[in-house]
Amino acid sequence: MVISKKRYLQGFAILVIVLAVIRAVRDERAHERTPVTVVEGDSLALAANEDTVQEEERKALEAWEKAQERKEMEADAQAIEESKAQSVSEEASQTDGMVPLKPNEKTRFFNPDGSVARHRIVSVRSYSEAFPDGQDTQILAAQKWGVSPVQNRSEAENRKAELVFVGSNPYFYVEPLYQSIPYLVPRASSVLQDIGRCFFDSLQLKGLPLHRIIITSVMRTKDDVARLRSHNGNATENSCHMYGTTFDIAYNRYLRVEENDSAYSKRRTVADVRLKQILSEVLNDQRKNGNCYVKYEVKQGCFHVTVR
């Protein structure tokens, strides 16, 4: 059986208190000392020590996440440069004949010759800064718009009137779910559909092959959360996923939509990092429009999204 650090500290604290009580009783008999002061002093010291340990762990985790994001940004930048080098000639051919926009003029979707105007990838400056919505923010929205958590999958079967089924479709792929069930509240399902459709639109406007986003987690039962927490220290006991308002979108892998059209099949392969940038544009728009909260999960390799 694996003992967590929290349980270890609790056990250690109990042992120290018991030993302190025994010592205090012996000292009282020998020197007429009061055991209360000793016990309370040891307890306060242990509590302060535990708080210090937790604060150090939190700071270490934040530092690790920032370091990981820096590494990802550097890797993304390198992959982007390589991808740009492969597409210079294609960009030049597709931008020929485009008329520059005048000040305050709306974006054009078509070139003067009627062809679709190609839009450039903008992305966001920093994923963690653009998508900072943590558990404390998302849980409030989950409790507001979601259903009450269900204990297990059998109970979930009786709650289908409050939920809608979420399955793979032309816009996104739901990978096999082992720690969640494919249901969301209608409001969250609508946001997910919008994200998938807007991602398609962005790819089309940028002249890139169509790809489906991959959904890695949807609604979780209380039993699912308990199993996940047994081997994933990053999992939260009061998870937003339990309310049917939250889903995870992988940002480091996508499914290309294959077509028989010969012209389409000749389009170049797109690096996942560039697809990640396009997805971040879509999520940033959805978040700014007040449709959802988004958290950039470094460890899990996903965008954690909750409807709002």
Side-chain angles (χ1 to χ4, degrees), residues 61-87 121-134 138 166 168-180 182 191-192 195-203 206 208-218 220 228 231-236 239-241 246-258 267-287 292-306:
L61 179 59
E62 289 180 353
W64 181 88
E65 288 183 345
K66 289 181 179 178
Q68 287 296 111
E69 183 179 3
R70 282 196 298 270
K71 290 181 181 179
E72 287 193 6
M73 295 293 285
E74 291 173 359
D76 288 357
Q78 182 178 356
I80 290 169
E81 290 302 321
E82 294 175 355
S83 180
K84 283 182 178 179
Q86 297 176 357
S87 61
I121 298 175
V122 180
S123 187
V124 295
R125 189 173 70 87
S126 167
Y127 296 120
S128 59
E129 291 178 6
F131 309 115
D133 305 318
Q138 296 203 22
V166 178
S168 300
N169 63 28
Y171 299 124
F172 56 81
Y173 170 73
V174 181
E175 69 177 13
L177 302 175
Y178 302 105
Q179 295 174 330
S180 64
V191 169
L192 175 55
I195 291 172
R197 184 171 58 252
C198 290
F199 184 65
F200 258 38
D201 291 343
S202 294
L203 292 173
K206 291 171 172 58
L208 299 175
L210 296 180
H211 288 73
R212 289 192 292 173
I213 56 177
I214 298 177
I215 309 304
T216 60
S217 184
V218 197
R220 294 175 186 158
L228 189 60
H231 60 81
N232 183 355
N234 195 46
T236 306
S239 171
C240 298
H241 284 279
T246 306
F247 49 88
D248 293 339
I249 306 176
Y251 60 64
N252 49 14
R253 50 199 175 96
Y254 303 82
L255 286 181
R256 177 163 174 164
V257 177
E258 300 293 344
R267 292 182 180 180
R268 70 183 186 280
T269 301
V270 186
D272 286 346
V273 63
R274 306 209 73 182
L275 296 174
K276 176 183 178 181
Q277 289 183 318
I278 297 170
L279 177 58
S280 72
E281 293 177 11
V282 173
L283 292 176
N284 196 37
D285 288 341
Q286 291 287 329
R287 183 177 180 275
C292 61
Y293 290 112
V294 185
K295 173 65 175 176
Y296 178 64
E297 297 283 3
V298 178
K299 284 187 175 181
Q300 307 303 319
C302 69
F303 289 111
H304 180 74
V305 185
T306 295

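Atoms considered below: every heavy atom in the structure, side chains included; atoms not considered: hydrogens, waters and symmetry mates.
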Between Ile214 and Leu255, is any pair of side-chain heavy atoms under 4.5 Å apart?
yes
Non-hydrogen side-chain atoms of Ile278 and Leu208 separated by less than 4.5 Å
yes
Do Arg274 and Ile121 have side-chain heavy atoms sitting under 4.5 Å apart?
yes
Before giving the answer on side-chain contact (heavy atoms from CB on, under 4.5 Å), spell out for Leu203 and Leu275 the whole-Å C-alpha distance, their side-chain angles and the decisive distance to 0.1 Å.
CA-CA 8 Å; Leu203 292 173; Leu275 296 174; 3.6 Å; yes
Minimum-distance pair of heavy atoms, taken over all atoms of Leu177 and Pro182
CD1-N, 3.7 Å
Would you sort out whether Tyr251 and Tyr296 count as a ring-ring contact (aromatic ring centres under 6.0 Å, His included), showing the intermediate values?
CA-CA 9 Å; Tyr251 60 64; Tyr296 178 64; 5.0 Å; yes
Quick one: does His211's side chain have a donor or acceptor within less than 3.5 Å of a partner on Pro209's backbone?
yes
Walk me through whether Phe131 and Ser280 qualify under side-chain contact (heavy atoms from CB on, under 4.5 Å).
CA-CA 9 Å; Phe131 309 115; Ser280 72; 4.0 Å; yes
Side chain to side chain donor-acceptor pair (under 3.5 Å) involving Asn252 - partner list, sequence neighbours excluded
none
Between Gln286 and Cys198 the two heavy atoms that sit nearest each other are NE2-SG, 4.0 Å
Does the side chain of Tyr127 reach to within under 4.5 Å of the side chain of Val294, using non-hydrogen atoms?
no
Salt bridge check: are Lys276 and Glu281 linked by an N-O gap of less than 4.0 Å?
no
Can you name the closest pair of heavy atoms from Thr306 and Thr246 and give their distance?
OG1-OG1, 2.8 Å
May I ask you to test the Ser168-Arg212 pair for a side-chain heavy-atom distance under 4.5 Å?
yes
Can you confirm if the aromatic rings of Phe199 and Tyr171 lie within a centre distance of less than 6.0 Å?
no
Of all heavy-atom pairs between Arg287 and Asp133, which one has the smallest distance, and what is that distance?
NE-OD2, 2.7 Å
By side chain to side chain donor-acceptor pair (under 3.5 Å), Ser217 pairs with (sequence neighbours left out) Arg220
Does Asp248 offer a backbone N or O that forms a donor-acceptor pair with the side chain of His304 under 3.5 Å?
no
Kindly give the heavy-atom pair with the smallest separation between Arg253 and Asp272, and that separation in Å.
CA-OD2, 3.9 Å
Quick check: do Ile213 and Tyr254 have side-chain heavy atoms less than 4.5 Å from each other?
yes
Is the shortest side-chain heavy-atom distance between Glu175 and Ile215 below 4.5 Å?
no
Which heavy atom of Ser202 sits nearest a heavy atom of Val282, and at what distance?
OG-CG2, 3.7 Å
